[in-house]
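Remember, it's 1-based here, ligands and their atoms both numbered in the order they're listed. Just so it is clear, the values below take in all heavy atoms, side chains as well, and ignore hydrogens, waters and symmetry mates.
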Amino acid sequence: TIETVTARRIIDSRGNPTVEVDVVLADGSLGRAAVPSGASTGAREAVELRDGDSTRWHGKGVDQAVAHANGEIAASVRGRDAADQAGLDAALIALDGTATKSRLGANAILGVSLAAAKAAAAAHRLPLYRYLGGADAHLLPLPMMNIVNGGAHADNPLDFQEFMIAPVGADTFAEAVRMGSEVFHTLRRDLLAAGHSTGVGDEGGFAPALRTAEEALDFVMAAIERTGYRPGTDIGLIMDPASSEFFCDGVYDYAGEGVRRTPSENVDYLVKLIDSYPVLSIEDPMAENDWAGWRELTARVGDRCQLTGDDLFCTSETLLREGIRTGAGNSILIKVNQIGTLTEAMAAVATAHQAGWTAVMSHRSGETEDTTIADLAVASGCGQIKTGSLSRSDRTAKYNQLIRIEEELGSSARFAGRSALRGA
Ligand code: PGA
Ligand code: ZN
């Protein structure tokens, strides 16, 4: 049973405050979880409670969320069975009482939800992935490694937010990390040789002053080849345009490129990119308010490209069901803090799988050293994880945790590889 809940303010990878929670059980077992934070957030995400006092932390303080966790939440969950995750999460949702977790804050609620799961795992003397996933949890996820940053994650003109590589040809997770790291360093050398900056963005990928997606893709393709890998066969390309960020008044406004595209023109443009490069998956190719555009793109290429809804679904089962019903996308991104409890995030994965869709476990652009999502990727059996570049400890911590899990699973470990992707 839960004995104490202690929340505190720590800082995330961007140096902004965030919530960390310790849950201690009666037997002394400790679970600790830190809450991530997005920059290009979906409009329908659960509410991250920020103090809004501009004289402190530029308005981003989380003192209220911390106080809620230490006060009201701690008092109400004391004595609860930490092993009853569904019951705990339902109680947290009911205590908050709003549809968006805006009263207590999704950051306060998620911290407690995840810390309780980790405390329960510790009490069972099991690693989190096994405690949550059971004895069958042995699938190591295909990593989507973000090696070029743009959009809201960098100060360059690139309209698309993320250009990723996925080592689909690797035999093991550890090999996938090696392949990704090699390409990352080749890309660094190539960018430097071409006179570009090799400074990195929020997720640890390079942020060169490129203007078009094609320029970025050409650099990545060249780096894959020059490292000795076959694009598409050994390493596939993945993009997250995060297009809600540049969809204004019904038009996709590519400011860096200097082009405006209607939804249909944007579909044509994306289809052209899919036809010209080995693009295996695109996240938020169309904006969160452009469901018609989503359906048009899915009808055109959904059979040969994974189309993952991030802002579109916000890890909400309700929105996901709408996408499944109407044919908008074929995959969902899972960000635990978009929905605010572990139970709801795992339910979204299950609903996607039941519909024949895929799910991708994901970090946020603001992260911490917390590696919970690495375990959740294995526990859920989703087979895919998006957790940034091959640099910066807030990103590599998740890769390193998956390397440890693969080692621990030994001969029962299986690397998802290409099979995890929808339509690839
Ligand atoms: P965010 O973006 O964490 O800054 O919201 C990540 C993404 O769009 O996938
Ligand atoms: Zn996204």
Side-chain angles (χ1 to χ4, degrees), residues 12-16 18 34-48 50 60 106-107 110 141 143-156 158-166 200-205 207 213 237-247 252 270 279-290 294 297 306-316 319-320 323 328-340 345 348 358-368 370 372-373 377 382 384-389 392 394-395 398:
D12 72 12
S13 56
R14 278 190 281 251
N16 291 322
T18 191
V35 178
S37 176
S40 64
T41 50
R44 298 175 195 86
E45 294 193 15
V47 174
E48 175 185 77
R50 296 278 180 190
K60 292 181 189 293
N107 38 356
L110 179 69
M144 302 177 163
M145 298 154 154
N146 179 8
I147 60 175
V148 177
N149 291 190
H153 294 170
D155 297 323
N156 57 4
L158 265 178
D159 298 300
F160 283 10
Q161 182 178 279
E162 305 173 20
F163 296 85
M164 294 167 271
I165 53 173
V200 299
D202 284 356
E203 297 188 351
L237 303 183
I238 295 175
M239 294 184 287
D240 179 6
S243 64
S244 305
E245 296 290 314
F246 56 92
F247 185 62
Y252 292 88
L270 293 166
V279 175
L280 304 179
S281 178
I282 311 183
E283 180 183 321
D284 284 353
M286 310 298 285
E288 63 193 347
N289 293 323
D290 183 14
W294 264 96
L297 182 68
Q306 179 171 278
L307 300 170
T308 305
D310 169 12
D311 291 351
L312 185 69
F313 300 135
C314 292
T315 315
S316 150
L319 293 170
L320 171 62
N330 54 30
S331 175
I332 181 174
L333 201 77
I334 303 294
K335 289 169 165 170
V336 281
N337 82 320
Q338 273 183 332
I339 192 68
T358 55
V360 182
M361 195 59 61
S362 174
H363 66 165
R364 298 306 303 246
S365 53
E367 270 291 334
T368 67
D370 184 295
T372 307
I373 60 166
C382 68
Q384 305 183 50
I385 190 167
K386 172 172 121 146
T387 189
S389 185
R392 305 300 162 209
D394 39 309
R395 311 299 143 184
K398 282 69 162 173

*Asks:* For T315, give me all partners under side chain to side chain contact (heavy atoms under 4.5 Å, CB included), at least two apart in sequence or on another chain.
*Replies:* I334, K335, Q338, I339, A345, A348
*Asks:* Indicate whether any N or O donor in one side chain lies under 3.5 Å from an N or O acceptor in the other, for E283 and Q306.
*Replies:* no
*Asks:* Is the shortest heavy-atom distance from the side chain of E203 to the side chain of S389 under 4.5 Å?
*Replies:* no
*Asks:* Which protein residues have a heavy atom closer than 4.0 Å to any atom of ligand 1, listed by chain and number?
*Replies:* G38, A39, S40, T41, H153, Q161, E162, E203, D240, E283, D310, K335, R364, S365, K386
*Asks:* Looking only at side-chain N and O atoms, does S37 offer a donor or acceptor that is under 3.5 Å from a partner on R14?
*Replies:* no
*Asks:* With 2.8 Å as the limit, jot down which protein N, O or S atoms are around the Zn ion (ligand 2).
*Replies:* D240 OD2, E283 OE2, D310 OD2
*Asks:* Between R364 and T41, does any side-chain donor sit less than 3.5 Å from a side-chain acceptor?
*Replies:* no
*Asks:* Could you tell me if Y252 and D290 have a donor-acceptor pair between their side chains, going purely by distance under 3.5 Å?
*Replies:* yes
*Asks:* Could you tell me whether D240 and K386 have a side-chain N and a carboxylate O separated by less than 4.0 Å?
*Replies:* yes
*Asks:* Is there a donor-acceptor contact under 3.5 Å linking the side chains of E48 and N107?
*Replies:* no
*Asks:* Can you list everything that forms a side-chain hydrogen bond (donor to acceptor under 3.5 Å, both in side chains) with T368? Sequence neighbours excluded, please.
*Replies:* none
